[in-house]
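Everything on this sheet refers to the single structure shown next.
Both counts, for ligands and for their atoms, begin at 1 and track the order of listing. Because the structure is predicted, anything quoted here is derived from the model rather than measured.
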Amino acid sequence: MAEKKGKKMMWDGRFDCGMAQSMIDLSFSLDFDKELLEEDIQGSLGHGKGLVESGVLTKADYAKIRKGLLGILDDVHAGKNLWLPTDEDVHMAVERVLTDRIGDLGKKIHTGRSRNDQVSTDFKLYMRHRAAEVRALVVELQKSVLDVAKKNFGKIMPGYTHLQQAQPILFSHYMMSLFFALSRDVKRLDNFLDLHVELPLGSGAIAGSAFPYHRQLVAEELGFERPSANSIDAVSHRDMALEFLNDLAIIANTLSRYAEDFVIWSSSEFGYLTLSDAFSSGSSMMPQKKNPDSMELIRGKSGRMLGNYTAMFTLVKGAPLSYSRDLQEDKQPVFDSTRTVKVLLRVMSEAISSARWNFDKMEDRMLPALLATDLADILVEDGVPFRDAHRIVGSLVGEAAKLGEQFTDLSDEEWAAKGVPNPKDVKKRLTFAYSVSRRNIEGGTGANSVKNQFKKADAILKKESK
Ligand code: ARG
């Protein structure tokens with residue numbers, strides 16, 4: 001235990017002894033929360049402005065504080081280490097350096113503020129800023145996806161359900177499915193940015209500051225729309241972080257599902273996709289290996305991002321109101337998921353833009369069974385009820401399978417015996433291209449439908465970049 005004289009903390013007026021080393025190890029957070037530096041300085045600048053308004057600081061005081069704070073930021077950006085082992089968190093560290101540099105005036109910046117509303121403000125600013133950056137990266141990925149889809153328009157591939165060949169689709173149709181999923185990811189971030197627009201500063205520790213300042217002015221200064229309506233809510237709730245982590249985890253999940261397909265497509269069994277060497281890794285032992293590690297890591301890291309979301313949920317669910325120190329643990333999951341999702345988005349975008357899509361392989365692999373649904377549809381058009389048509393085609397496919405053949409290999413007579421009228425004519429119509437061309441329903445894989453999807457995508461991108 002530290003002796004009586006070891007008092008060092010800014011808040012230790014009432015304490016008899018300093019903090020135990022183990023307690024320091026447990027509680028100090030500067031190591032990670034220095035990530036909030038820019039937002040902390042921004043928040044203090046806004047707060048300082050409010051204090052001028054209420055007469056706590058003069059304009060000249062504010063100018064000195066402002067200069068001091070911006071100097072700290074510049075120095076850190078220039079690579080200087082300003083921090084001491086005795087700095088508890090980034091908020092205390094900034095105030096300590098400020099006071100070292102400009103004297104007692106530095107101690108005034110915390111007037112009417114608690115770290116509870118300060119942290120909540122910094123963290124909200126941080127998430128708002130990062131959400132905008134992540135959003136921009138999602139839009140970049142959408143552009144890459146649309147580009148790949150447009151460039152390879154017209155190419156056909158097997159579409160899968162249950163990882164079994166299901167129906168023929170256009171490759172572009174597949175890619176556009178990613179585009180539209182991402183557009184919802186963008187919308188989620190927009191909703192998030194629309195919702196979390198209230199400034200916590202002015203809430204103090206729990207009950208509201210006793211130094212009234214123009215909270216609306218500070219809110220606008222910091223890019224919020226308005227002050228929070230309730231100080232308890234403002235310092236205790238972490239729903240914004242929960243939502244942010246959820247939105248990011250969903251983005252990662254979107255990417256993970258495609259990454260999984262691309263891992264499968266890169267296998268020698270499929271061979272649909274050759275990732276650029278730049279997004280692959282080799283084996284330390286097997287010289288022939290080129291592994292789709294980029295996609296595997298996207299898949300893997302999305303799991304950790306779900307973990308971050310779960311960690312946050314577990315953290316806050318029982319924390320009593322208003323602030324409890326548990327809430328300090330809200331930062332790392334957010335920092336980690338933010339960093340992670342950004343790199344996942346960049347990699348996915350660059351990897352699909354630089355990949356080779358092997359359309360010959362895709363075509364080679366297409367089995368006639370992909371047309372079973374089309375045959376049933378044709379029978380329906382000829383007046384057979386769908387359930388009967390399904391059974392007729394099913395029995396053709398089953399019989400062929402017993403012989404180790406494809407249902408299209410069975411003779412016209414066998415088709416007729418099962419109830420297919422004009423087998424010769426029907427067989428002629430039964431091509432992959434024909435199958436695709438029948439699906440121009442809105443949202444379908446037909447060429448016109450896919451072109452229509454391109455148009456929708458162009459409009460979405462335009463709206464997103466407004
Ligand atoms: N580092 C702390 C956090 O991020 C600061 C808040 C401390 N507040 C308090 N009442 N001890 O949560």
Side-chain angles (χ1 to χ4, degrees), residues 7-15 17-20 22-44 46-47 72 76 82-99 107 109-130 196 199-210 222 228 230-242 244-245 308 311-338:
K7 296 172 28 163
K8 279 192 196 75
M9 313 306 290
M10 288 184 183
W11 39 252
D12 65 5
R14 63 152 292 171
F15 285 71
C17 73
M19 208 181 250
S22 55
M23 176 59 185
I24 289 175
D25 294 345
L26 175 70
S27 64
F28 276 31
S29 55
L30 178 64
D31 258 4
F32 60 85
D33 67 19
K34 60 186 176 210
E35 173 109 16
L36 292 175
L37 178 71
E38 290 198 16
E39 283 77 14
D40 189 69
I41 291 202
Q42 204 187 342
S44 287
H47 183 63
I72 293 174
V76 172
L82 308 180
W83 317 134
L84 297 175
T86 44
D87 290 327
E88 183 182 345
D89 59 21
V90 68
H91 322 287
M92 296 303 228
V94 168
E95 191 183 320
R96 198 259 313 147
V97 177
L98 181 69
T99 305
K107 296 180 187 166
I109 188 61
H110 208 53
T111 313
R113 185 175 73 177
S114 153
R115 266 181 301 159
N116 298 353
D117 60 346
Q118 182 181 7
V119 166
S120 179
T121 302
D122 294 0
F123 200 33
K124 279 185 140 187
L125 281 174
Y126 179 91
M127 288 186 279
R128 288 187 62 78
H129 296 160
R130 301 298 89 76
H196 301 286
L199 168 79
L201 280 176
S203 301
I206 165 171
S209 167
L222 294 177
S228 55
N230 179 294
S231 59
I232 299 175
D233 174 38
V235 299
S236 14
H237 278 97
R238 292 297 183 269
D239 58 306
M240 181 178 180
L242 266 176
F244 189 50
L245 286 174
N308 287 337
M312 180 74 76
F313 226 122
T314 315
L315 172 73
V316 292
K317 80 172 187 49
L321 268 65
S322 57
Y323 179 88
S324 302
R325 191 64 179 274
D326 319 34
L327 296 186
Q328 176 170 291
E329 292 295 308
D330 60 358
K331 320 269 177 332
Q332 282 151 305
V334 167
F335 298 157
D336 180 61
S337 281
T338 305

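Contacts between K331 and ligand 1 below 4.0 angstrom, taking non-hydrogen atoms only, involve the side chain exclusively. In N116, the part holding a heavy atom less than 4.0 Å from any atom of ligand 1 is the side chain.
When only non-hydrogen protein atoms are considered, atom 12 (O) of ligand 1 lies nearest to Y323 OH, 2.3 Å. Ranking protein heavy atoms by distance to atom 11 (N) of ligand 1, first place goes to R115 NH2, 3.9 Å. The nearest heavy-atom contact from the protein to atom 2 (C) of ligand 1 is Q328 OE1, 3.2 Å.
Between the side chains of R96 and T86, no donor-acceptor pair is found at a separation under 3.5 Å. Judged by distance alone, the side chains of Q328 and R325 do bring a donor and an acceptor atom under 3.5 Å apart.
The pair K34-D40 does not meet the salt-bridge criterion, since no charged nitrogen lies less than 4.0 angstrom from a carboxylate oxygen. Using a 4.0 Å cut-off between charged side-chain N and carboxylate O, K331 and D33 make no salt bridge. Residues E39 and R130 are paired through a salt bridge, judged by an N-O separation under 4.0 Å between the basic side chain and the carboxylate.
Close approach of ligand 1 to S29 is summarised as follows: ligand atoms under 4.0 Å from at least one heavy atom of the residue are 1 (N).
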Next on the checklist: Test side-chain hydrogen bond (donor to acceptor under 3.5 Å, both in side chains) on S29 and D89; report intermediate values, then the result.
Outcome noted: CA-CA 5 Å; S29 55; D89 59 21; 4.5 Å; no

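In terms of polar-atom proximity, D89 is counted as a contact of ligand 1, with an N or O under 3.5 Å from an N or O of the ligand. Geometrically, ligand 1 and H91 share no nitrogen or oxygen pair separated by less than 3.5 Å.
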